[in-house]
Amino acid sequence: MKGWLPALLLLSACTAESPPPALATDAAAIHERLLVLDTHLDTPELFGRPGWNIADAHTVAGGMSQVDLPRMKSGGLDGGFWVIYTPQGPLTPAGYAQAKADALKRADEIAGVVAAHADAMAFATRADQAAGIAASGKRIVYQSIENSYPLGLDLSLLGEFYRRGVRMAGPVHSQDNQFADSTTGKRSWGGLSPLGKRWVAEMNRLGMVIDASHSSDETFDQMLALSKTPLILSHSGPKALFDHPRNLDDDRIKALAAKGGVIQINSIFLSPLYNTPARAAIDARKDRLHEMTPAEQAALAADVAALDAREPFQDADFERFMQSVLHCLKLVGPDHVGVGADWDGGGGVKGMEDVAALPKITARLLQEGYSESDIAKIWSGNVLRVLAAADAGRAK
Ligand SMILES: [Zn+2]
């Protein structure tokens, strides 16, 4: 009995804001041994930048980059879903043809990078492959499609992407398209188009995970009703924290969870975004990064850093991001929440600028009282469950 009183005093002293050193060390060790996946890595957008190499250590301020192999290692990020993103263009035969070419080129670039770094990266298509790849010290490369626009009107193309290893796709991006209405669109269809409903059936038939991020509320509702397997929101957040069309209301997050799905918390749309004319001008320059020499890229990076210092894009910080995570955890529990921070796609907040900061999330969850097994689900168990469910639903 003698030892319990000082121990209790020590415990009460530990309720202060920052974790005590012992817990901090535990957190680092726990984070390191967990399988850590992020479900929306836009890093393939950078693969075509002249001189850019994923094996080099970059920075946000100097290099406009949030994910590379050195920082994945230091941040304990084992891998995730690497995105084939296509911007929305015209719904015409020429628009579809260009988008298809662009998406296949992006898929080729991902394959090229994984082949060039075969000692450090490996493709995965099934849920049960992730742990083995991580144990071998390699980074896990699942692939997903953000915006199904490149499929045009030809759903058989989904099978082509499946053969290339893609296992997750969302119908739409920031504008309505041939399949569905976007969160930031004009309500062209009132949810899914007739072709969009067939897209859902084809996704189920192939055994691919349906990603409802960027889908309008009606599109989400209809996909949730139609899909035979659970949905994912690969990078979204709760409206309760910040009322933005890209975020979901609590009832929809609960409906997602009730059908076995998962919301992967985004690190943007957490607070007002300042889309100033100067920001628009910088973004227009960023669109031409693939044509820039390394010196021109460095000059742009300096201008971006100066603008960020002068007029930040958003006020959100790490604690604000954690409020979003914790809100969803309280709402639907640790079986239905994960992380998809939109790295290299607009994500990142003060205090969590790149993937090197990910151990802070584990430390903060431990501080909130979540167990290691809860956190294991949050970091990868939930998304792998949804992936396995989609695969199990694949038409035999
Ligand atoms: Zn996105």
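Read the numbers this way: they start at 1 and go in the same order the structure lists the ligands and their atoms. As a basis for the values below, the full set of heavy atoms in this structure was taken, side chains included, without hydrogen atoms, waters or symmetry mates. Nothing here was measured: the structure is a model prediction, and the numbers come from that model.
- No side-chain donor-acceptor contact under 3.5 Å links Ser174 and Thr184.
- Under 2.8 Å from the Zn ion (ligand 1) lies an N/O/S atom of Glu146, whether from backbone or side chain.
- Taken to the nearest 0.5 Å, the CG atom of Leu206 stands 12.5 Å off from the CZ atom of Phe161.
- With a cut-off of 2.8 Å, the Zn ion (ligand 1) has an N, O or S atom of His235 in range.
- The shortest non-hydrogen separation linking His173 to Ser182 is O-OG, 2.7 Å.
- Across Met121 and Val114, no two heavy atoms sit closer than the pair O-CG1, 4.0 Å.
- Here His214 meets the criterion, with an N, O or S atom under 2.8 Å of the Zn ion (ligand 1).
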